Structures are given as C-alpha cells and as structure tokens.
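Notes to accompany the following structure.
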Amino acid sequence: VRIMSSYLNKRASGLVSLAGPAVNIAVGLASLFIPLYTFRNIILSLSSIIAIINLVPLDGLDGAKIISWNPIVWGATTTGALALYILSLL
C-alpha cells in the first residue's frame with residue numbers, strides 16, 4: 001500500500017512499514033506454542049516466508065521503506081525472519 005509521503009516523514013513511514021513483517025514474525029513466534037507439530041510448522045513457515053518476501057528491498061515492498069529509514073532495523077528484522085524460517089525446517 002502506498003503511503004502519502006507528504007504526511008509521513010521517513011521515520012514514520014519506516015515504522016508503519018515495519019508493522020507488517022513484525023506481525024508476521026510475532027505470529028511465527030506464537031505458533032511455537034502450538035502443540036501440533038505439523039500445524040505449527042505450516043504456520044511458522046508461511047508467516048516467516050511472508051515476512052521475508054515483504055522485507056525484500058524492492059520499491060513497493062516494506063523492505064525498501066524500512067531500509068531507507070534504518071538499515072540496522074531492516075537487517076535485524078530480516079535476520080529474525082530468516083531464523084524463523086530455518087527453525088521451521090528443523
């Protein structure tokens with residue numbers, strides 16, 4: 001979703017864009033408490049893949065807005081999403 005940049009500064013735009021991948025990561029972390037192994041791994045895989053795709057720094061995706069605001073936050077968020085995906089493979 002394009003955000004009217006005239007209303008938001010770079011920091012606000014980055015924080016708004018960070019919300020999507022952060023929710024995906026939170027859902028993945030919450031799925032770790034589901035006792036059914038197969039169901040847990042499906043949720044963990046899907047939520048981490050959606051977060052990873054969203055964090056790709058291409059125009060139109062959240063990753064581009066986050067990396068232009070704060071590359072360290074983008075790197076930490078991407079690392080977390082990749083770690084969750086790797087965890088889903090175990």
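Every value quoted in this text rests on a predicted model; they were computed, and no experiment measured them. Every heavy atom of this structure was used, including side-chain atoms; hydrogens, water molecules and symmetry mates were not.
- Side-chain atoms of L32 and L87, non-hydrogen and from C-beta on, do get closer than 4.5 Å to each other.
- Here the CD1-CG distance, from I67 to L61, works out to 12.0 Å after rounding to the nearest 0.5 Å.
- Summarising the geometry, atom OG belonging to S48 is positioned 8.0 Å from atom CG belonging to L46; distances are rounded to the nearest 0.5 Å.
- Between S31 and I34 there is a side-chain heavy-atom pair separated by less than 4.5 Å.
- In this structure, the side chains of L29 and L84 come closer than 4.5 Å at one or more pairs of heavy atoms.
- Between T78 and I52 there is no side-chain heavy-atom pair separated by less than 4.5 Å.
- Linking Ile, Leu, Val, Met, Phe, Trp and Tyr residues whenever their side-chain heavy atoms come within less than 4.5 Å leaves L58 and I66 in two separate clusters.
- A distance-only check finds a donor-acceptor pair linking the side chain of S88 to the backbone of Y85 [under 3.5 Å].
- Side-chain contact between W74 and P57: present, with at least one pair of heavy atoms (C-beta onward) separated by less than 4.5 Å.
- Between T79 and G75, the shortest heavy-atom contact is OG1-O, 2.7 Å.
- When atom types are taken as modelled, the side chain of S45 and the backbone of I42 share no donor-acceptor pair closer than 3.5 angstrom.
- Distance alone, capped at 3.5 Å, places no donor-acceptor pair between the S13 side chain and the K10 backbone.
- Put simply, I25 and L18 are part of two different groups of oily side chains (I, L, V, M, F, W, Y) that touch within less than 4.5 Å, one to the next.
- No chain of hydrophobic side-chain contacts below 4.5 Å, direct or via other Ile, Leu, Val, Met, Phe, Trp or Tyr residues, connects Y37 to I43.
- Formation of a donor-acceptor pair under 3.5 Å by the N24 side chain with backbone atoms of G20 is found in this model.
- For the residue pair S47 and G28, the shortest heavy atom distance occurs at OG-CA, 3.3 Å.
- Surrounding CD1 of I72 are at most 12 heavy atoms belonging to other residues, nucleotides or ligands under 6.0 Å away.
- Hydrophobic clustering of Ile, Leu, Val, Met, Phe, Trp and Tyr side chains at less than 4.5 Å, counting indirect connections, unites L82 with I49.
- To the nearest 0.5 angstrom, K65 atom NZ is 12.0 Å from L55 atom CG.
- Looking at T77, its side chain does come within 3.5 Å of a backbone N or O of V73 through a donor-acceptor pair.
- I53 CD1 to D62 CG: the interatomic distance, rounded to the nearest 0.5 Å, is 12.0 Å.
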